[in-house]
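Side chains included, hydrogens not; waters and symmetry mates left out as well; all remaining heavy atoms used. Keep in mind the model is a prediction, meaning the values are calculated, not measured.
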Amino acid sequence: MATAAAGALGLLWGWLWSERFWLPQNVSWADLEGPADGYGYPRARHMLSVFPLAAGIFSVRLLFERFIAKPCALHVGIEDSVLYRVESNETLEKVFISITKYPDEKRLEGLSKQLDWDVRKIQCWFRHRRNQDKPPTLTKFCESMWRLTFYLFIFCYGIRFLWLTPWFWDTRQCWQNYPYQPLSRELYYYYIMELAFYWSLMFSQFIDVKRKDFLIMFVHHLATIGLIAFSYINNMVRVGTLVMCLHDSSDFLLEAAKLANYAKYQRLCDSLFVIFSAVFMVTRLGIYPLWILNTTLFESWEMIGPYPSWWLFNGLLLILQVLHVIWSYLIARIAFKALIRGKVTYPGGLDPDSVPSALLSAPPSFLCLLGSAQFHPLHVSKDDRSDVESSSEEEEDTSHTNNLSGRSSSNGANCVNGHMGGSHWAEEHGTYKAVGNPLFGASPHLQACD
């Protein structure tokens, strides 16, 4: 029995690490064991160093959020609010979890008769129950500030490193003498740092405030880690660094726009989002196909020829380009609304949280094809209120009146305090579930606004 199990395990291991899949013809793993300059050739065992580094990054994040991000948030006027817990009610909790978080007028009246509660009280219960699951603005500010800091740091590091490499100026160098391309110290650090960061994001999901997209983001980070590791194992790290740096170029701009929004610097928020949109489209629709795809599809074909993992690698990059086109269209719609803000009918500015909070927050996933592609950034839901309501009684009364009467607001969008409300969009209609996760770099990922 033990011998059979060991034999089966050996066959599985051999299949997973098949040289015919991973490497070009006439190249074996043994060929990459030989001495080389720098850190040698990339091997799977190198990635074991990622785990202690990821734990270190996670620890740094906790210290950063407590001693740097939180004081900054308080300085710009973001309050350290106390979470309001709703009154326990088994019937309403069952409706909230199993049926709907946004009960219509008919259901509200039915619950009112069943519980002998006033309709307005039930409506307030549902509103507070929705907000109970949402992280406070202070938490979101600290998280965004940490991501902004890391994305800006890793982008600057990547540009500084790539500026001195030959393949940054001549992409044919990505395939020169492939796969016998030894690692340099800087290249190794760049890859391992990116990979460790996404492992740290995986860890942090389990202690952060749980959000609606927990499972999606878990799969997203897992796919990101898998595909970065894939490019490392088959030594496509040179072109991998180009892809990572290209995607990192826009990440920090979106996080900066979110920080401006949380701090209620709406004009700065709008400006940063428009700049982010421009950078996103130039890099994803221009530089990416003309620079990255050109070298991975044509130059590599000419210099090393295709083999199984080459086909998979390029297939994922082509899927990513399709997602770039879709996301550019959606982002352009939102940016256009911000540009003509003085002419459109809704007051207030652009809410970058209405662009999914995970937008461009992390890399690759061919699993995005499993997602639906329906998305309406300016969708008007039946409930005219945003989930982030004011605590003012007057505003609650107004919201209640609008909801029961079924009237849409005159601006055609959910608004709170002059800002576009996108906290639940079309959640009850199931129209927001689309996921796109670019390879290596930040990726667009639609979710309900957190």
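Counted within 6.0 Å of CG on Asn177, heavy atoms from surrounding residues, nucleotides or ligands total more than 12; the atom is thus considered enclosed. Residue Tyr180 places its OH atom among more than 12 non-hydrogen atoms of other residues, nucleotides or ligands, all under 6.0 Å distant.
Annotation: side chain of Arg130 is in contact with side chain of Phe96 (closest heavy-atom distance under 4.5 Å). You'll find the side chain of Ser200 reaches within 4.5 Å of the side chain of Phe197, heavy atoms only. By the 4.5 Å heavy-atom criterion applied to side chains, Tyr265 and Val76 are counted as neighbours. Taking 4.5 Å as the limit, some side-chain heavy atom of Phe276 sits within range of a side-chain heavy atom of Ile331. Side-chain atoms of Thr296 and Met236, non-hydrogen and from C-beta on, never get closer than 4.5 Å to each other. Taking the side chain as every heavy atom from C-beta outward, Val243 and Trp291 never approach each other to under 4.5 Å. Inter-residue side-chain proximity for Phe230 and Leu312 is flagged as met; some heavy-atom pair is nearer than 4.5 Å. Residues Ser300 and Phe313 form no side-chain contact, since every pair of their non-hydrogen atoms from C-beta on lies 4.5 Å or further apart.
Aromatic ring pairs are classed by plane angle as parallel below 30°, tilted from 30° to 60° and perpendicular above 60°; the pair Trp22 and Trp29 is tilted.
Among all heavy-atom pairs drawn from Phe21 and Tyr307, the shortest one is O-CD1, 3.9 Å. Between Leu138 and Glu79, the shortest heavy-atom contact is CB-O, 3.9 Å. Of all non-hydrogen atoms in Ala54 and Phe203, the two that sit nearest each other are CB-CE1, 3.7 Å. Contact record, Val50 with Leu195: CG2-CD2, 3.7 Å, taken as the closest heavy-atom pair. A pairwise comparison of heavy atoms in Ser144 and Leu259 identifies CB-CD2, 3.7 Å as the closest pair. Taking every heavy atom of both residues into account, Leu162 and Cys245 meet most closely at CD1-CB, 3.6 Å.
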Working note: Trp146 + Ile57, criterion side-chain contact (heavy atoms from CB on, under 4.5 Å); need CA distance, chi angles, decisive distance, verdict. CA-CA 11 Å; Trp146 163 247; Ile57 290 176; 3.7 Å; yes

Could you go through the side-chain contact (heavy atoms from CB on, under 4.5 Å) check for Met145 and Glu255 one step at a time? CA-CA 7 Å; Met145 190 169 179; Glu255 297 301 332; over 6 Å; no

Evaluate the side-chain contact (heavy atoms from CB on, under 4.5 Å) criterion for residues Met47 and Ile233: first the C-alpha distance (whole Å), next the side-chain angles of each, then the deciding distance (0.1 Å), finally the verdict. CA-CA 9 Å; Met47 289 182 289; Ile233 291 170; 3.8 Å; yes

Check step by step if side-chain contact (heavy atoms from CB on, under 4.5 Å) holds for Tyr41 and Leu183. CA-CA 6 Å; Tyr41 299 117; Leu183 286 170; over 6 Å; no

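Thr295 and Trp167 share no donor-acceptor pair across their side chains, judged by distance under 3.5 Å alone. Judged by distance alone, the side chains of Tyr191 and His46 never bring a donor and an acceptor atom under 3.5 Å apart.
When atom types are taken as modelled, the side chain of Ser231 and the backbone of Ile228 share a donor-acceptor pair closer than 3.5 angstrom. Asp251 contributes no side-chain N or O that, together with a main-chain N or O of Asp248, makes up a donor-acceptor pair within less than 3.5 Å. At distances below 3.5 Å, not a single donor-acceptor pair connects side-chain atoms of Asn235 with backbone N or O atoms of Tyr178. Here the side chain of Trp169 pairs a donor or acceptor atom with the backbone of Trp163 at under 3.5 angstrom. Proximity of a side-chain donor or acceptor of Gln181 to a complementary backbone N or O of Cys174 within less than 3.5 Å is detected. Without hydrogens or angle criteria, Asn314 side chain to Trp310 main chain gives a donor-acceptor distance under 3.5 Å. When atom types are taken as modelled, the side chain of Tyr288 and the backbone of Leu317 share a donor-acceptor pair closer than 3.5 angstrom.
For the atom pair Leu23 CG and Leu32 CG, the distance stands at 6.0 Å (nearest 0.5 Å). Atoms OG and CG, on Ser271 and Leu253 in that order, are 12.0 Å from each other to the nearest 0.5 Å. Interatomic distance, CZ of Phe126 versus OG1 of Thr100, reported as 7.5 Å (0.5 Å rounding). From Ile292, atom CD1 reaches atom CD of Gln321 across 11.0 Å, with rounding to the nearest 0.5 Å. With rounding to the nearest 0.5 angstrom, the OH atom of Tyr190 is 9.5 Å from the OH atom of Tyr157. Here the CE atom belonging to Met281 is positioned 12.0 Å from the NE2 atom belonging to His324, to the nearest 0.5 angstrom.
A salt bridge links Arg172 and Glu302; the closest N-O separation between the charged side-chain nitrogens and carboxylate oxygens is under 4.0 Å.
With sequence neighbours excluded, the residues forming a salt bridge (Lys or Arg N to Asp or Glu O under 4.0 Å) with Arg45 are Glu33, listed by chain and number. Legend: residues meeting salt bridge (Lys or Arg N to Asp or Glu O under 4.0 Å) with Arg238, ordered by chain and number and at least two apart, are absent.
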Show me the side-chain donor-acceptor pairs of residues 63-71 shorter than 3.5 Å, one per line, residues at least two apart or across chains.
from, atom 1, to, atom 2, distance (Å)
Glu65, OE2, Arg61, NE, 2.7
Glu65, OE2, Arg61, NH2, 3.2
Lys70, NZ, Asp80, OD2, 3.3

